[in-house]
Amino acid sequence: MNFFKSKYYLIVFVVFFAGVFLYQYFFVKNFKSFYNQKGLYTIGKIKDVKGYGRGTGFNYIYTFNLNGRKYESVCDIGSLSYRDARKRINNNFLVIYLNNDVYNNRIYSNIPIGDTIDDSIKLKEWINSNSKIKSKIDSIIPSPGYFFQNYF
């Protein structure tokens with residue numbers, strides 16, 4: 001009888017993790033597909049750089065404010081070295097999020113935002129008037145952090 005119970009636990013475990021990985025796949029695919037049409041801009045500040053795995057990579061931990069609420073999110077540093085990524089802590093950068101899902105967002109650490117731009121309207125005007133910035137946004141394959149890091 002215990003054999004059947006353990007078998008069911010194994011099945012539930014496999015189904016749960018398959019569901020998590022499928023949701024992550026569609027979470028990232030949704031952002032990649034719709035950031036041009038449904039993406040909105042805001043300013044985010046990098047708070048920290050933390051490693052994951054056994055030294056295999058690093059994530060930015062960043063915050064941004066929307067409608068009086070502060071959000072914290074995670075995004076991979078990409079091809080930057082750890083030392084270069086640490087230099088970007090406490091600086092402001094462009095964040096793109098989907099208007100229907102604020103937790104589906106990404107920081108663009110190669111697009112710094114100066115202190116003169118302090119709201120989303122000025123930010124959108126600055127991006128729309130600057131073709132170099134638009135090409136930087138489109139040249140990077142957007143990949144938000146894992147959904148469970150950004151939601152919880």
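Computed over heavy atoms, backbone and side chain alike; hydrogens, waters and symmetry mates excluded. Bear in mind the structure is a predicted one, so any value in this text is a computation, not a measurement.
The only member of T116, I113, I121 that meets side chain to side chain contact (heavy atoms under 4.5 Å, CB included) when paired with W126 is I113.
Within the 4.5 Å cutoff, the side chain of I46 has heavy atoms near those of the F93 side chain. I127 has its side chain within reach of L94: a pair of non-hydrogen atoms, C-beta onward, lies under 4.5 Å apart. Between L80 and S109 the shortest side-chain heavy-atom distance falls below 4.5 Å. Contact of the L98 side chain with the L40 side chain is not registered, since no non-hydrogen atoms from C-beta on lie closer than 4.5 Å. Using a 4.5 Å heavy-atom cutoff, the side chains of N65 and T42 are not in contact. R88 is not listed as a side-chain neighbour of I77, based on a closest heavy-atom distance of 4.5 Å or more. At least one side-chain heavy atom of L123 sits under 4.5 Å from a side-chain heavy atom of Y41. Side-chain contact check for R86 versus D48: some heavy-atom pair is nearer than 4.5 Å.
Annotation: the span from C75 atom SG to F58 atom CZ amounts to 15.0 Å, rounded to 0.5 Å. The CD1 atom of I43 sits 11.5 Å away from the OG1 atom of T63 when rounded to the nearest 0.5 Å. Between atom CD1 of residue I107 and atom CD1 of residue I96 there is a gap of 11.0 Å, rounded to the nearest 0.5 Å. The distance from atom NZ of K47 to atom CG of N90, rounded to the nearest 0.5 Å, is 6.0 Å.
Under the 4.5 Å side-chain heavy-atom criterion for ILVMFWY residues, no single connected hydrophobic cluster contains both V12 and V15.
Look at D119 and K122 and you find no salt bridge, because none of the NZ, NE, NH1 or NH2 atoms lies under 4.0 Å from a carboxylate O.
The aromatic ring centres of F64 and Y71 sit less than 6.0 Å apart.
Not one N or O on the side chain of R106 forms a donor-acceptor pair closer than 3.5 Å with the backbone of Y97. Side chain of K136 to backbone of N110: a donor-acceptor contact under 3.5 angstrom is found.
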If you apply the rule side-chain contact (heavy atoms from CB on, under 4.5 Å), what do you find for V49 with N59, and how did you get there? CA-CA 6 Å; V49 177; N59 283 327; over 6 Å; no

Just do the side-chain contact (heavy atoms from CB on, under 4.5 Å) check on I111 and I133 with the steps written out, would you? CA-CA 7 Å; I111 304 175; I133 297 298; 4.0 Å; yes

Give the intermediate values and the outcome of side-chain contact (heavy atoms from CB on, under 4.5 Å) for residues I61 and E72. CA-CA 7 Å; I61 310 296; E72 183 174 274; 3.8 Å; yes

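Using modelled atom types, one finds a donor on one side chain and an acceptor on the other under 3.5 Å when comparing N105 with Y62.
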